[in-house]
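We count ligands from 1, going down the list as the structure has it; atoms in each ligand are counted the same way. Keep in mind it's a predicted model, so treat the numbers as computed, not measured. What's counted below: heavy atoms across the whole structure, side chains too, no hydrogens, waters or symmetry copies.
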Amino acid sequence: MNSDLKNFIVLDEIDSTNNYANHLIEAGTAENGTVVLASYQKKGRGQRNNYWESACGENLLASFILFPALLEASDQFYLSKVASLALVRWLSTKTTGVSIKWPNDIYVGQKKIAGILIETSVKGNTLYSAVVGIGLNLNQTQFSSNIPNPVSLKTVTHMEYNALQVARELLAVFMNLYHELESGSFLKTDNAYFNHLFRRNEWAWYREKGELIEGRISGIGPYGQLLLEVRSGAVHSYLFKEIEFIV
Ligand code: BTN
């Protein structure tokens, strides 16, 4: 077995796999590449303090633990890029139309299939630990009405998936991209991330502080900011939560 695949902790039920992973790090019992998986999360956490909904036993709920000593604290967004690209790469072996909705939602067509929640700690100027939390909708076909636009792999491909098997494959893809990054392939990662962005180079509507603006994604800033060209030709830069896609 690949040495990256040895440390899997598989739980039936937990508050959140990210919480569990953070506790392991605090207790000093986690290793680089340890994965926490659960069938059900009572308090699954999403971006913007949202609850991450996932029916029991249907989907992938995983937290990958890393000790990214080779990454500067200011390079944190590269973990989002690598996690997003790993999901795009794996999903693209199963279906078409997979993209990354900035900063790290994974879409199939116009619908969200996966979300990522990364939590890091810093020591000096470098990252000490990272928990890369991934929720990937595999077999669930019905979602509560307050989730805007969910989709699962089963809905798209009409096949069933085994979460543990998917986690192993995804971790292998993730670790390959992560090791490439550690050996310095920042530009390659930047290009791959940009090339897979949802609505890249396409005029579309966004909401900024309650106002609608028309823009076209023209790049990603050094800390992961969204660079949006507007009709006047000016380029605006946004941090996460400063701009909302109208989907
Ligand atoms: C998002 O809002 O898009 C991010 C969702 C991240 C959900 C995953 S599920 C596994 C891990 N544990 C959590 O509590 N959250 C992440």
message = Suppose I only count heavy atoms of Arg45 and a 4.0 Å limit; which atoms of ligand 1 are within that range?
response = 5 (C), 6 (C), 7 (C), 13 (C), 14 (O), 15 (N), 16 (C)
request  = Using the side-chain hydrogen bond (donor to acceptor under 3.5 Å, both in side chains) rule, collect all pairs that involve residues 84-99, keeping only residues at least two apart or in two chains.
outcome  = Trp90-Glu169
message = Under 4.0 Å between a side-chain nitrogen and a carboxylate oxygen: does that hold for Glu242 and Arg207?
response = no
ask   = Can a donor-acceptor pair be found between the side chains of Asn104 and Gln47 at a distance below 3.5 Å?
value = yes
message = Check contact between Asp105 and ligand 1, using heavy atoms of the residue and a distance below 4.0 angstrom.
response = yes
request  = May I ask you to identify, for Asn19, whether its side chain, its backbone, both or neither come under 4.0 Å of ligand 1 on a heavy-atom basis?
outcome  = neither
key: Atoms of ligand 1, numbered as shown, that sit under 4.0 Å from any heavy atom of Gly44   = 14 (O)
query = Within 45 degrees of the axis of the six-membered ring of Phe245 and under 6.0 Å from its centre: does Lys101 put its NZ or CZ there?
reply = yes
Atoms of ligand 1, numbered as shown, that sit under 4.0 Å from any heavy atom of Thr17 = 10 (C), 11 (C), 12 (N)
ask   = In ligand 1, which numbered atoms sit nearer than 4.0 Å to a non-hydrogen atom of Leu61?
value = 9 (S)
key: Closest approach of any protein heavy atom to atom 5 (C) of ligand 1, naming residue and atom   = Trp52 CE3, 3.3 Å
message = Suppose we measure from atom 12 (N) of ligand 1 to each protein heavy atom; which comes out shortest, and what is that distance?
response = Gln41 OE1, 2.8 Å
message = Using a 4.0 Å cutoff against the non-hydrogen atoms of Gly46, which atoms of ligand 1 qualify?
response = 1 (C), 2 (O), 4 (C), 5 (C)
ask   = Between Arg231 and Trp203, is NZ or CZ placed under 6.0 angstrom from the six-membered ring centre and within 45° of the ring axis?
value = yes
message = List ligand 1 atoms under 4.0 Å from Gln47, heavy atoms only on the residue side.
response = 1 (C), 2 (O), 3 (O), 4 (C)
inquiry  = Can you see whether Tyr51 has Arg45 sitting over its ring - NZ or CZ less than 6.0 Å from the centre and within 45° of the normal?
reply    = no
query = With a 3.5 Å cut-off and no angle check, do the side chains of Tyr107 and Asn149 form a donor-acceptor pair?
reply = yes
message = Hydrogens and angles aside, do Gln140 and Ser152 bring a side-chain donor and acceptor to less than 3.5 Å of each other?
response = no
inquiry  = Side chain, backbone, both or neither: which applies to Ala62 and ligand 1 if a contact is any heavy-atom pair less than 4.0 Å apart?
reply    = backbone
contact_flag Lys112 ligand 1 heavy-atom lt 4.0 Å = yes
